[in-house]
Structure formats: structure tokens, C-alpha cells
Amino acid sequence: MLKRETAKLLKPMTTSDSATVKNSIRVRMAPSPTGSFHVGSARTALFNYLFARHVSGQFILRVEDTDMQRNDAAYEQVIYEAMEWLGLHSDENPLSGGPYGPYRQSERFDLYREYAQQLVASGAAYPAYETADELAAMKAEQAANKLPPRYNGAHRDLTAEQRAAFEAAGRKAVLRFRVPEGEIAWDDVVRGRVAWQSKEIDDFVIQKSDTTPTYNFACVVDDHLMQVSDVIRGEDGLSNTPRQIMLYQALGFEVPKFAHLPFLLGRDRSKLSKRHGPVSLLDFRDQGILPEAMFNYLSLLGWNPGEGETQEIFTREELIQRFTLENVNKAGAIFDVEKLHWMNTQYLKQMPIARFIELARPYLLEAVPDLQAEDAYTQQAINMARERIHGIADIKDAATYFFSDNYTVDETGAAKHLTNVSKPRLEQLRQRFEALSEWNHDSIENAIRTLATDLNIKPAELIHPVRMAVSGRTVGPSVFELLAVLGRERVLRRLSGVGGR
RNA sequence: GGCCCGUUCGUCUAGAGGCCUAGGACAUCAGAUUCUCAUUCUGAAGAUCAGGGGUUCGAAUCCCCUACGGGCUACCA
């Protein structure tokens with residue numbers, strides 16, 4: 001209901017109106033460097049990016065590395081590499097900095113301690129001295145009695161003397177948030193109104209015993225300090241939201257807008273994970289998926305332009321122009337590699353040949369060390385070869401024979417097409433090619449068809465052996481075009497070589 | 001277990017009470033073109049809108065219940 005009204009209210013907004021909100025919209029992507037960069041994270045980052053660019057706001061990258069156990073500096077690089085590859089440029093981040101830095105949580109510990117102390121001072125938070133064992137025992141007992149596992153609030157109202165006693169005994173305290181009674185509700189931009197009873201939530205930890213913050217706490221402090229206006233994140237953030245809202249309120253911060261994105265799912269409809277196959281963004285790059293194809297594909301998972309639009313291929317600019325949170329779906333979407341591949345080929349086919357060669361170069365270089373990218377021959381050859389590949393990595397196999405005589409030969413195909421019957425015919429064809437005054441598609445076709453007529457055989461009986469002889473394979477471009485592009489010299493040489501096989 | 005979120009062709013989705021005999025795309029199948037493969041084009045099949053109850057003259061669309069799926073329930077993020 002509210003969603004609809006919001007959409008209507010936003011519609012009549014003029015350019016000058018949106019210029020007014022400019023700069024006040026700030027969103028952030030906050031990954032933690034604990035491994036590879038998941039496509040699900042990429043999709044979340046993408047929606048943040050699209051939203052920010054659409055409203056001319058700021059897109060921030062913040063690294064959430066508060067878990068000293070699991071973090072690794074090398075993983076932070078993975079984040080940058082992945083974001084860079086997808087073309088998700090952030091306005092503020094740990095590397096280039098910005099007005100609200102630092103952008104790495106491990107460099108902001110003092111800040112969190114300060115705010116945590118503020119909550120203790122106001123009575124909104126308190127130290128709790130239970131040991132891990134005591135907590136475990138408490139949970140076990142609750143489980144035995146079929147009660148929900150929840151902190152029982154034992155240290156909620158310790159006296160100063162009791163606290164001093166624990167301290168004297170050498171116990172370290174965590175800081176727990178004193179959850180107030182009542183209902184917490186918000187209007188989620190993608191889900192509508194979501195409400196929670198605070199009695200469902202126990203007094204959660206905001207500062208660990210080593211004085212570092214927990215996720216929920218650091219997140220709130222940072223989002224506020226970094227002036228984040230719209231929190232766009234995965235739906236696993238849904239159940240954290242009431243905790244965070246209580247924190248915003250206790251701290252006296254303004255509560256941002258929340259938008260919870262549906263998950264990316266695996267084939268079995270559970271949250272997409274390694275079990276489902278490669279899920280790291282960079283894995284797809286390594287498989288030859290183009291960043292623009294991934295960008296396009298991901299944008300359509302859980303979002304669509306609406307209004308009956310049937311277009312599927314969009315440029316980055318079109319996506320930025322059309323993206324709105326109102327059109328984000330609520331239900332999770334299965335990550336379907338088949339469609340990704342289809343989209344990839346769309347981009348592969350229509351991209352400028354120069355760019356294609358640039359992307360293909362690393363694969364080609366393995367077989368063709370002296371590749372000349374600007375060469376007209378190279379461009380023609382690659383252009384022809386790319387017609388039938390599905391991933392850029394396939395180009396090596398599909399194009400090597402254009403440049404080198406040292407290509408792999410399909411032996412099964414050779415046995416079939418290069419026989420004692422066809423070899424003499426190929427020699428005759430070679431002679432006719434040699435005698436041709438012009439070397440082009442039509443003259444070649446004419447020569448082949450004429451010879452076929454003279455020999456009283458079907459053209460196909462020449463065509464297949466020729467392709468085999470000059471490319472080493474049974475499939476590929478039209479033979480006439482293929483020969484024309486390869487050039488007479490190369491063709492004659494390879495036809496001569498056939499006799500020796 | 002408790003709480004929260006979700007449910008339209010196999011998959012991604014359109015759908016904002018009558019335009020829905022539910023539209024598009026991927027995948028599938030068939031045909032056309034053809035020297036192969038790929039492309040391209042044409043066509044087919046595929047969803048009683050999770051199920052049940054309401055509200056309404058009329059429901060995929062609004063309400064309720066059920067089922068199923070997912071998430072959260074850490075001194076992880």
C-alpha cells in the first residue's frame with residue numbers, strides 16, 4: 001500500500017526536485033574480507049550502485065573487518081578487484097578515502113568504544129560478566145526446557161559492588177544492550193511495513209570482552225557517522241534491523257531508510273553457496289564471462305524495469321536511468337547460469353571487434369605469441385571465429401588456425417574426411433586454386449562447385465574435406481569465407497600438406 | 001522450537017480489481033535457411049497464478065487460514 005503511494009509521489013518529481021535531493025542520498029556496500037567475493041554480494045553492491053547513480057547520490061565502500069579471527073588483508077584486495085571488474089566505482093572507500101573516513105572498521109575501534117561508553121553512561125547498555133561456559137550452560141538448560149535460547153538478563157542490574165567483585169576476580173565484561181519494551185516497526189522500501197516485538201529480542205552484545213564492537217553496533221555507528229541515508233542490503237539483514245533501530249534510538253541518531261533485497265538462490269532454492277558450484281564473482285571472469293554481461297544479468301535478478309518492458313539487454317546507463325527500489329522483487333531468485341551464458345554471447349557478438357580482441361588477447365597469446373591486434377587480417381579472422389563461441393576463453397580453440405599452422409587437429413574428423421578418395425580431389429582443387437586469377441569468396445565458391453560438377457560429385461564432398469584440410473576441424477565458418485580470409489598462400493600450403501597425412 | 005520474510009510456465013519475470021483465453025526472455029522441442037557448427041527466422045509445448053476460505057457484480061491482484069521454502073535466533077559479519 002505504502003509502496004504504491006510512494007511510487008506515485010515520486011513520479012511527478014521534476015529534474016530540479018531530484019537536484020534538491022542530490023548529495024543527501026548516501027548508500028554503502030559493507031563487505032567483510034573473509035574470502036572470495038560472492039555473486040550475491042556483487043548483486044547487493046550493484047543495486048546500491050544503481051540506486052546511488054540513479055539519484056546522483058554517493059556510493060560508499062566500507063570494509064567490515066572487525067572479526068580479527070577470520071580476516072585476512074589479502075581478502076580485502078579481492079573485494080577491490082571484484083568491484084573494479086564489475087565497474088562498481090565507489091565515491092568513498094578505504095583506498096581513496098573521503099570525508100567520513102577511515103573506511104575500514106578495524107581503524108575505527110576507538111569510535112565504537114566511545115559510543116558504547118555513552119550507552120553505558122545513559123544506562124542503555126551494561127557490562128555482563130558471564131563466561132563462555134556459563135553462557136553455554138544457560139543455553140543448554142533453555143534447550144532442555146524447550147525455551148528459546150536467549151540471554152536471561154542475569155547481569156542486567158548488577159550493583160556497583162557486584163561489578164567490582166567480578167572485576168577483582170579478573171573477569172572481562174562484554175557490553176550488552178538493554179532492550180526496551182515495545183514494538184519496533186519500519187517501512188521497508190521493498191517489503192512494506194515490518195514490525196517486531198522487542199520481547200522477541202534478548203539483550204544482545206554490542207561490545208565484545210576484548211572491547212571490539214559486534215557487527216550490529218559498528219554498523220549503526222558507522223552508518224550514522226558516514227551519513228548513510230538508505231541501507232540497502234540482503235534479506236538476512238531483516239532480523240538485525242529491529243536491533244539496529246533500537247540502537248539508533250538509544251544513541252539519538254536519525255534512523256535511515258531500509259531496503260532488504262531478496263536472496264540469490266541455488267537450484268534447490270536455498271541461499272546460493274559454494275555447494276551450488278562456482279559462486280565467486282571472479283570465477284565467472286576467469287570463465288570468460290564479460291563484466292557487462294554479468295552487470296546486466298545481475299541487475300535483472302530480483303529487479304526489472306516494470307511497465308511491461310520486454311527488453312533484456314541494457315547498457316549500464318539505461319540501467320542507471322531506470323533503476324528504482326520500488327521495482328525490486330520480494331522473492332528470492334535462482335541464479336541461472338544458462339541465461340547468464342546466453343547474455344554473455346549477446347555481448348560477445350555485438351561488441352566492437354577491437355575491444356573483443358583486447359579481451360581475447362590473453363587467451364590467444366598462448367597459441368599466437370606475435371598477435372597483431374590492429375591488423376586487418378586479425379580483425380577479420382577473429383570476427384569470424386567469435387560468431388560461434390560462448391565464452392571468451394573458447395577463442396583460443398576457435399581462432400588459432402588462422403594464425404599458425406601449428407593447430408590441433410580433430411583426428412576423428414580427419415579420418416572421416418581426408419581419405420584416399422578425397423585426397424586426390426583436394427590436389428585437383430589445389431591446382432585450380434593456384435590458377436585462379438582472383439581470390440575471393442565468389443571465385444573460390446565457383447572453383448569448388450565447378451570441380452564438383454566436373455567430378456560428378458556433390459559440392460559437400462569437397463567442402464568438408466577442404467575445411468578439414470585447412471583448419472583441422474569439421475566445424476567452423478562457411479568454407480568460402482574461411483578460405484577467402486585465410487588467403488591463398490596459406491590455403492595452398494595446407495592443401496599440399498594433406499598428401500603427407 | 002520462537003520470530004520474521006516469501007510463494008505466477010523447469011528458470012528469470014510482466015501483472016497495482018475488469019485490458020488475463022495470464023504476456024516476454026532463457027532453456028526444451030519442431031520446422032526454415034545451409035557446405036558443417038554456430039547464428040538467424042518461424043512455430044510448438046509449458047503456469048487452473050502453492051492450497052483452502054472469504055470480500056466483490058468481478059480476484060493472479062484485497063483479507064484470513066493452512067502448507068511449503070528461506071532467513072534470523074553468536075563475545076560472525
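Naming: A, B, ... by sequence-line order, numbering from 1 per chain.
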[atom1] gap between [N] and [M], integer Å:
{"N": "B:rA47", "M": "B:rU11", "atom1": "C1'", "value": "13 Å"}
{"N": "B:rU39", "M": "B:rA77", "atom1": "C1'", "value": "46 Å"}
{"N": "B:rG54", "M": "B:rG17", "atom1": "C1'", "value": "15 Å"}
{"N": "B:rC20", "M": "B:rU34", "atom1": "P", "value": "39 Å"}
{"N": "B:rU61", "M": "B:rU56", "atom1": "P", "value": "16 Å"}
{"N": "B:rG1", "M": "B:rU66", "atom1": "P", "value": "14 Å"}
{"N": "B:rA67", "M": "B:rU42", "atom1": "C1'", "value": "43 Å"}
{"N": "B:rA59", "M": "B:rG18", "atom1": "C1'", "value": "10 Å"}

My understanding is that a pair needs two contacts under 3.5 Å, Watson-Crick or G-U wobble. By that rule, which nucleotide pairs with [N]?
{"N": "B:rC29", "result": "B:rG43"}
{"N": "B:rU55", "result": "none"}
{"N": "B:rA38", "result": "none"}
{"N": "B:rG69", "result": "B:rC5"}

Only one of A:Tyr248, A:Tyr115, A:Phe204 clears ring pair (Phe, Tyr, Trp, His ring centres under 6.0 Å) with A:Phe177; which?
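Testing each of A:Tyr248, A:Tyr115, A:Phe204 against A:Phe177, the sole residue satisfying ring pair (Phe, Tyr, Trp, His ring centres under 6.0 Å) is A:Phe204.
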Heavy atoms under 4.0 Å, any strand shown: does [X] hit a base, just sugar-phosphate, or nothing?
{"X": "A:Ala30", "result": "nothing"}
{"X": "A:Gly234", "result": "nothing"}
{"X": "A:Lys172", "result": "nothing"}
{"X": "A:Leu135", "result": "base"}
{"X": "A:Val205", "result": "sugar-phosphate"}
{"X": "A:Glu130", "result": "base"}

Distance in angstrom units between [X] [atom1] and [N] [atom2], rounded:
{"X": "A:Asn216", "N": "B:rC75", "atom1": "CG", "atom2": "C1'", "result": "13 Å"}
{"X": "A:Asn327", "N": "B:rA16", "atom1": "CG", "atom2": "C1'", "result": "11 Å"}
{"X": "A:Gln207", "N": "B:rA74", "atom1": "CD", "atom2": "C1'", "result": "16 Å"}
{"X": "A:His260", "N": "B:rG6", "atom1": "NE2", "atom2": "C1'", "result": "15 Å"}
{"X": "A:Arg267", "N": "B:rC12", "atom1": "CZ", "atom2": "P", "result": "9 Å"}
{"X": "A:Leu264", "N": "B:rG6", "atom1": "CG", "atom2": "P", "result": "18 Å"}
{"X": "A:Leu298", "N": "B:rU13", "atom1": "CG", "atom2": "P", "result": "12 Å"}
{"X": "A:Phe335", "N": "B:rU13", "atom1": "CZ", "atom2": "P", "result": "12 Å"}

Please report the interatomic distance NE2(A:His464) to NZ(A:Lys458), rounded to the nearest 0.5 Å.
8.5 Å
Rounded to the nearest 0.5 Å, what's the gap from CZ on A:Arg104 to OG1 on A:Thr66? Could you check?
13.5 Å
Note: A:Asp223-A:Arg233 ion pair, threshold 4.0 Å (strictly below)
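Salt bridge between A:Asp223 and A:Arg233, a charged N being under 4.0 Å from a carboxylate O: no.
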With the threshold set at 4.0 Å, does a side-chain nitrogen-carboxylate oxygen contact exist between A:Arg449 and A:Glu445?
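A salt bridge links A:Arg449 with A:Glu445.
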Quick one: list whatever passes ring-ring contact (aromatic ring centres under 6.0 Å, His included) with A:Phe402, sequence neighbours left out.
none
Quick one: is [X] getting a side-chain N or O under 4.0 Å of the [N] phosphate, OP1 or OP2?
{"X": "A:Lys199", "N": "B:rG2", "value": "no"}
{"X": "A:Asn329", "N": "B:rA14", "value": "yes"}
{"X": "A:Arg176", "N": "B:rC75", "value": "yes"}

List every contact pair, protein side and nucleotides 71-73 of chain B side both N or O, where the distance is under 3.5 Å.
from: B:rC72; atom 1: O4'; to: A:Ser239; atom 2: OG; distance (Å): 3.0
from: B:rC72; atom 1: O2'; to: A:Ser239; atom 2: OG; distance (Å): 3.3

Under 6.0 Å from the ring centre and within 45 degrees of the ring axis: does the NZ or CZ of A:Arg176 meet both conditions for the six-membered ring of A:Tyr151?
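A:Arg176 over A:Tyr151 ring: yes.
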Kindly determine whether A:Leu418 and A:Leu426 satisfy side chain to side chain contact (heavy atoms under 4.5 Å, CB included), including the steps that lead there.
CA-CA 9 Å; A:Leu418 301 181; A:Leu426 288 177; 3.8 Å; yes
Begin from the C-alpha positions of A:Leu290 and A:Met351 and carry the test side chain to side chain contact (heavy atoms under 4.5 Å, CB included) through to its verdict.
CA-CA 11 Å; A:Leu290 301 167; A:Met351 91 171 31; 3.5 Å; yes
Taking everything shown except A:Glu181 itself, do over 12 heavy atoms lie less than 6.0 Å from its CD?
no
For A:Glu141, I'd like to know if atom CD has over 12 heavy atoms of other residues, nucleotides or ligands within 6.0 Å.
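Not buried by this count: 12 neighbours or fewer within 6.0 Å.
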Which nucleotides of nucleotides 22-38 of chain B have their base under 4.0 Å from a protein heavy atom (B), which only their sugar-phosphate (S), and which neither (-), written as one string 5' to 3'?
--BBS--------BBBB
Can you check nucleotides 43-49 of chain B for protein contacts, nitrogen or oxygen pairs under 3.5 Å, and list what you find?
none

Report, one line per pair, each donor and acceptor closer than 3.5 Å where one atom sits in a side chain of residues 468-477 of chain A; sequence neighbours left out.
from: A:Ser471; atom 1: OG; to: A:Arg467; atom 2: O; distance (Å): 2.7
from: A:Ser471; atom 1: OG; to: A:Arg473; atom 2: N; distance (Å): 3.4
from: A:Arg473; atom 1: NE; to: A:Ser471; atom 2: O; distance (Å): 3.1
from: A:Arg473; atom 1: NH1; to: A:Asp397; atom 2: O; distance (Å): 3.1
from: A:Arg473; atom 1: NH2; to: A:Thr408; atom 2: O; distance (Å): 3.1

May I have the list of side-chain donor-acceptor pairs in residues 215-222 of chain A shorter than 3.5 Å, sequence neighbours left out?
from: A:Asp222; atom 1: OD1; to: A:Arg108; atom 2: NE; distance (Å): 2.7
from: A:Asp222; atom 1: OD1; to: A:Arg108; atom 2: NH2; distance (Å): 3.0
from: A:Asp222; atom 1: OD1; to: A:Tyr112; atom 2: OH; distance (Å): 3.1
from: A:Asp222; atom 1: OD2; to: A:Gln105; atom 2: NE2; distance (Å): 2.8
from: A:Asp222; atom 1: OD2; to: A:Tyr112; atom 2: OH; distance (Å): 2.6

Looking only at the side chain of A:Arg269 (C-beta and beyond, no hydrogens), which of the listed nucleotides B:rG69, B:rG6, B:rC5 gets closest?
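Closest nucleotide among those given: B:rG69.
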B:rA77, B:rG6, B:rC75: which one has an atom nearest the side-chain heavy atoms of A:Gln105?
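Closest nucleotide among those given: B:rA77.
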Pick the nucleotide of RNA chain B nearest each of A:Gly332 and A:Pro148; which residue has the one closer to the 5' end?
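First, find each residue's nearest nucleotide; the 5'-ward one identifies A:Pro148.
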Kindly indicate, with the supporting measurements, whether the criterion side chain to side chain contact (heavy atoms under 4.5 Å, CB included) is fulfilled by A:Val255 and A:Trp186.
CA-CA 10 Å; A:Val255 182; A:Trp186 75 97; over 6 Å; no
Apply the side chain to side chain donor-acceptor pair (under 3.5 Å) test between A:Asp188 and each candidate in A:Arg193, A:His260, A:Lys257; give the one that qualifies.
A:His260
